[in-house]
Amino acid sequence: MRSKSAAVLDIRSTDITAVVCDRGVNNTFIVKNKYTCPYDGYAEGELLDVKNFVAAVSDAVSSVMQAASGVKTFYVGVPGEFLKLISVDKVISFSSSKKINSSDCRALVELSLPAETEKWRNIKHSCLYYVLSDKRRIIDPIGCVSDSLQGRFCFFQCDNSFVGCLMDAFKNFKSIITVNLIPTPLAEAMYLIEPEKRDEYAVLFDLGFISSTYSVICGNGILYSQSFSLGTGHIAVYLMEALDVPYDVAMHYLTTVNLNARESLTGKAECMYEGELYEFACAEIRAKIRECLDGICETIEECKNDFSGRNIEGKPLYITGSGALMIRGACDHISGRLVTAVETVAPKLPYYDKPEYSSLFSLMNMALGD
């Protein structure tokens with residue numbers, strides 16, 4: 001594989017996608033090979049079926065390797081449920097004012113590095129911003145003159161049990177020498193949110209099918225990140241149980257009912273499934289979907305209240321992920337429920353400008369920039 005190419009594995013809560021890509025013009029991407037494999041997913045920080053996960057990873061990796069020779073390194077996105085975020089603020093002082101160099105930045109990182117444990121290992125770090133002795137806050141201090149250097153870092157640690165399962169899948173690929181782990185929330189934050197919006201604080205919510213992640217972004221890093229096992233899939237299950245219908249019928253209602261439609265007590269939603277007609281009042285279905293969305297909003301409020309940093313009142317909520325556009329009118333309902341502006345974000349790319357592709361292209365962007 002040519003040196004400018006990257007092989008990436010995107011692990012979502014319902015499927016796993018492997019891709020081999022190149023960087024195109026104007027920061028676009030050339031997707032050379034892509035394969036997606038469904039699997040059982042994860043919840044509460046654990047894989048639901050380890051053997052199924054290992055088989056799905058092996059299937060996805062082998063499929064793209066067959067069409068791309070020379071793959072020696074794979075970049076793997078780690079979902080938020082298997083990550084721990086540690087924020088560190090450290091400062092080093094010099095005997096006199098000097099021009100900051102890369103060695104000084106590395107020394108500050110080494111001073112800030114959190115200890116690893118039997119359960120957690122360090123996989124990646126990022127500096128939100130640096131502060132010079134004159135109190136200037138900057139992103140890149142190299143070349144600046146100062147008698148001290150302060151840095152606000154975010155360190156991501158990954159659950160070792162997840163890494164072990166991942167390595168079980170890769171051990172059969174002798175040609176793959178290196179597996180680099182990338183925190184998916186960090187990759188999404190850096191790719192989807194523009195730098196000028198990150199200069200202060202930005203809030204990103206990845207609404208998934210089984211798992212969702214809430215992150216507060218600042219500069220080139222993340223100040224706060226919390227994942228929870230709640231998503232659009234849980235709404236489908238609730239509809240299935242509340243209406244006593246098959247899962248496929250519940251999914252049909254979930255993806256076709258419009259929450260913004262004019263309320264009508266007589267409107268009916270119909271679905272023909274395996275020769276049987278299912279019919280319910282649209283108002284009833286919308287009410288149950290809104291009830292579930294309110295539960296997600298309550299969790300978002302809990303995350304917002306748990307964040308102890310700067311006040312983020314008034315900041316828009318950026319929503320992405322596979323569930324962002326699954327339910328028509330969901331973002332409007334969330335906006336009204338939280339009393340805040342809500343905007344969907346996605347890759348600004350032809351054919352892939354949908355939130356469901358956000359994690360994949362965010363990981364591709366970070367891998368190609370490594």
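All values derive from a computational prediction rather than experimental measurement.
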Please tabulate, for the side chains in residues 170-182, all donor-acceptor contacts under 3.5 angstrom to protein atoms that are two or more places apart in sequence or on a different chain.
residue	atom	partner	partner atom	Å
Lys174	NZ	Lys171	O	3.3

Margin query: The test is side-chain hydrogen bond (donor to acceptor under 3.5 Å, both in side chains); show your working for Ser359 and Asp10 and say whether it passes.
Written below: CA-CA 7 Å; Ser359 59; Asp10 180 21; 2.7 Å; yes

Item checked: Residue pair Val78 / Cys158: nearest heavy atoms and the distance that separates them -> CG1-SG, 3.7 Å

Note to self: Please check: side-chain N/O of Tyr253 versus main-chain N/O of Ala269, any donor-acceptor pairing under 3.5 Å?
What the structure shows: yes

Checklist line | Check: Arg328/Asn260 side-chain N/O donor and acceptor closer than 3.5 Å | finding: no

Notebook entry, point to check: If you measure only the distance, is there a donor-acceptor pair under 3.5 Å linking the side chains of Glu118 and Asn160?
Noted result: no

Item checked: Closest non-hydrogen atom pair between Val131 and Arg137, with its separation -> CG2-CG, 4.2 Å

Margin query: Can you confirm whether Tyr318 sits close enough to Lys197 that some side-chain heavy atom of one is under 4.5 Å from a side-chain heavy atom of the other?
Written below: yes

Check: How about Lys51: does its NZ atom have over 12 heavy atoms from other parts shown lying under 6.0 Å from it?
Finding: no

Next item on the list: Would you mind reporting whether Arg106 and Ser102 have side-chain heavy atoms less than 4.5 Å apart?
Entry: yes

Notebook entry, point to check: If we only count heavy atoms from C-beta on, is the Val64 to Val71 side-chain gap below 4.5 Å?
Noted result: no

Check: Looking at Gly323 and Thr232, what are the two nearest heavy atoms and their distance?
Finding: CA-CG2, 3.8 Å

Margin query: Count I, L, V, M, F, W, Y as connected when their side-chain heavy atoms are under 4.5 Å apart, and connections chain through other members. Are Met190 and Val109 then in the same cluster?
Written below: no

Checklist line | Nearest atoms (heavy-atom pairs only) where Ala324 meets Pro355 | finding: CB-CB, 3.7 Å

Note to self: Checking side-chain polar atoms at under 3.5 Å, does Asn365 have a donor or acceptor matched by the opposite partner on Arg23?
What the structure shows: yes

Check: Between the side chains of Thr320 and Asp206, does any donor sit under 3.5 Å from an acceptor?
Finding: no

Item checked: Side-chain heavy atoms of Tyr238 within contact of Glu291, under 4.5 Å -> yes

Next item on the list: Please name the residue in the list Leu47, Thr17, Ile16 that meets the side-chain contact (heavy atoms from CB on, under 4.5 Å) test with Ile11.
Entry: Ile16

Next item on the list: Please work out whether the ring planes of Tyr224 and Tyr214 are parallel, tilted or perpendicular, with thresholds of 30° and 60°.
Entry: perpendicular

Checklist line | Backbone N/O of His333 and side chain of Arg290: donor-acceptor pair under 3.5 Å | finding: no

Next item on the list: Please check if the side chain of Asp353 supplies one atom and the backbone of Ala346 the other of a donor-acceptor pair under 3.5 Å.
Entry: no

Check: Any link between Phe82 and Trp120 through a network of hydrophobic side chains (Ile, Leu, Val, Met, Phe, Trp, Tyr) touching at under 4.5 Å?
Finding: no

Check: Is the shortest heavy-atom distance from the side chain of Leu83 to the side chain of Ser227 under 4.5 Å?
Finding: no

Item checked: Distance, nearest 0.5 Å, that separates CD1 of Ile210 from CG of Leu230 -> 11.5 Å

Note to self: Between Asn52 (side chain only) and Asp40 (backbone N and O only), is there a donor and an acceptor less than 3.5 Å apart?
What the structure shows: yes

Margin query: In this structure, would Ile327 and Val245 fall into the same cluster of hydrophobic residues linked by side-chain contacts under 4.5 Å?
Written below: yes

Next item on the list: Can you establish whether the number of heavy atoms outside Glu116 located under 6.0 Å from its atom CD is more than 12?
Entry: yes

Check: Taking C-beta and beyond as the side chain, do Met364 and Tyr191 meet within less than 4.5 Å on heavy atoms?
Finding: no

Item checked: Side-chain donor-acceptor contact under 3.5 Å, Ser133 with Ser148 -> no

Note to self: Keeping Arg198 on the side-chain end and Ile193 on the backbone end, is there a donor-acceptor pair under 3.5 Å?
What the structure shows: yes

Next item on the list: Could you tell me whether the side chain of Thr117 and the main chain of Lys119 form a donor-acceptor pair under 3.5 Å?
Entry: yes

Check: Got Tyr357 and Leu349 here, is their nearest side-chain heavy-atom distance under 4.5 Å?
Finding: no

Check: Does Val25 sit in a hydrophobic cluster with other residues, and if so which ones, taking ILVMFWY side chains as linked at heavy-atom separations under 4.5 Å, directly or through other members?
Finding: none

Next item on the list: Could you tell me which non-hydrogen atom of Ala6 sits nearest to which non-hydrogen atom of Leu368, and how far apart they are?
Entry: CB-CD2, 3.7 Å

Check: Just by distance, do the side chain of Ser335 and the backbone of Cys331 share a donor-acceptor pair under 3.5 Å?
Finding: no

Check: Is a side-chain donor or acceptor of Glu81 paired with a backbone partner of Gly45 at a separation under 3.5 angstrom?
Finding: yes

Notebook entry, point to check: Hey, does the side chain of Ser229 reach the backbone of Glu44 with a donor-acceptor pair shorter than 3.5 angstrom?
Noted result: yes

Next item on the list: For the pair Tyr130 and Phe153, name the ring-plane relationship: parallel under 30°, tilted 30 to 60°, perpendicular over 60°.
Entry: perpendicular

Checklist line | Side chains of Phe162 and Tyr42 in contact at under 4.5 Å (non-hydrogen atoms) | finding: no

Check: Going through the distances and angles, do Arg12 and Ser322 end up as a side chain to side chain contact (heavy atoms under 4.5 Å, CB included)?
Finding: CA-CA 9 Å; Arg12 294 187 290 270; Ser322 60; 5.5 Å; no

Next item on the list: Using a cut-off of 6.0 Å, state whether more than 12 heavy atoms not belonging to Lys90 lie near its atom NZ.
Entry: no

Note to self: For Asn305, is the CG atom crowded, meaning more than 12 foreign heavy atoms sit under 6.0 Å from it?
What the structure shows: yes

